[in-house]
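Notes to accompany the following structure.
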Amino acid sequence: MSPSGAELLRQIKSRVEEVEPAQVREQMHNGAVLVDVRESEEFTAGHIPGAKHVPRSYLESRVEGAVPDRGQHLILYCGSGNRSAYAARTLVEDLGYENVESMRGGITLWKDLGYEVEVPRTLTAEQRERYSRHLQLPEVGPEGQQKLLDAKVLLLGAGGLGSPTALYLAAAGVGTLGVVDNDVVDLSNLQRQVIHSSERIGTPKVDSAEQTIRELNPDVQVNKYPVRLDASNIMDIIPGYDIIVDGLDNFPTRYLLNDATVRLKIPVVSAAILGFEGQLSVFKPYDGPCYRCLFPVPPPAELAPSCGANGVLGVLPGTMGLLQATEVIKLILGEGDPLIGRLLMYDALAAEVTEVKVRRDPECPICSREPDEISDDELGVFPDYEAFCAGAH
């Protein structure tokens, strides 16, 4: 005869290690990973601080994403200690995890003992539906989606690079997007600047971008700056943002941006496009090189887009802008391997991607020093730009 449910549970518990809540508190300080195997609704109602969430119903498919090291010490818990016992048996006997325990009494006993419980902010029903595909990813989930909603990202430019980046960051639920652009929509923009439309020709780009973003996702707050970024306003605009997306088209402003963001320790996701080629990197102050480490002096004048009108394949800024959006989301979530210290170069005609390492320059005039040593007079110091551009002709 098959065992009853109670008998089966007793058998399971005899085959797994159980640990008391007081011991769990000690083990968490010794490197153990706590895993909550309850369902999403239970987890959001309150969980043990620091616990990873892997629902029992998705255990086999998601646990490796949350805890890839099978030798890691894991402590599982649920409501009363029953589901976690079943889950522990599965991890050990079916998935090969080596050091797994189940917390006796679950979170019910934990609460009864007066131990701390974290009650996170919850997503609305509409947000749970809107971001449902994110919530299914262990690298995002409710906690990561809340990070996105709390994030503040500043986009420098609502043009070719800024358009796709803004659209996908808004769709992803980045809660605050600042947009800096002093231009108006022109017919020639529409070949690549997909956030705008024919009906908005002559409209300020910040207004056009705001309208599209709000139509796409009303969760997003749009801060508009219809100005050209320069030394007189940069320190009024960029403080308070978590990440800056560089869609600039001229070197003087890029050097200015670099120096100001190093001083404020704000990471920059930077891309550039020309013809059929694009490049991308992430400049995270003091974690990797800065823009001046990559370009101590400007590149050859004929390769400088801001020295004159240059053609560009319409889809290329879309490709590079989407990569920028991806890097921004990785930085917000703290997941993956951002392009810090790496320069990615894309050749659309050859369909080739090349990557080179970029190291911090110990003699860099900006990032080799402490932030408070960088003076206002040093921000954006750049060679004579008119003379520089004259070399292109």
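No experiment lies behind these values; they were computed from the predicted model shown.
The existence of a salt bridge linking Arg342 and Glu355 is confirmed by a sub-4.0 Å separation between a basic side-chain nitrogen and an acidic carboxylate oxygen. Residues Arg292 and Asp259 are paired through a salt bridge, judged by an N-O separation under 4.0 Å between the basic side chain and the carboxylate. Between Asp36 and Arg38, at least one side-chain N (NZ, or NE/NH1/NH2) sits under 4.0 Å from a carboxylate O, which counts as a salt bridge.
A side-chain donor-acceptor contact under 3.5 Å links Tyr131 and Asn217. Side chains of Glu126 and Thr124: no donor on one and acceptor on the other come within 3.5 Å.
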Residues 154-164, side-chain donor-acceptor partners within the protein, below 3.5 Å, at least two apart:
unit_1 : atom_1 : unit_2 : atom_2 : d
Ser163 : OG     : Gly159 : O      : 2.6

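For Asn99, the side-chain contact (heavy atoms from CB on, under 4.5 Å) partners at least two apart in sequence or on another chain are His73.
In this structure, Arg56 is not positioned above the aromatic face of Tyr86 in the sense of NZ or CZ being under 6.0 Å from the six-membered ring centre and within 45° of the axis.
Listed by first and then second residue, the salt bridge (Lys or Arg N to Asp or Glu O under 4.0 Å) pairs that reach into residues 161-187 are Asp183-Lys205, sequence neighbours excluded.
Using a distance-only test at 3.5 Å, with no hydrogens or angles considered, a donor-acceptor pair links the side chain of Arg369 to the main chain of Pro365.
Rounding to the nearest 0.5 Å places CD of Glu101 at 11.0 Å from OG of Ser84.
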>> With side chain to side chain donor-acceptor pair (under 3.5 Å) as the criterion, how do Arg128 and Ser40 come out once you've worked through the C-alpha distance, each side chain's angles and the decisive distance to 0.1 Å?
In response: CA-CA 11 Å; Arg128 287 196 299 273; Ser40 297; over 6 Å; no
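Aromatic ring pairs are classed by plane angle as parallel below 30°, tilted from 30° to 60° and perpendicular above 60°; the pair Phe43 and His53 is parallel.
Across all their heavy atoms, Asn258 and Tyr291 have their closest contact at OD1-N, 2.8 Å.
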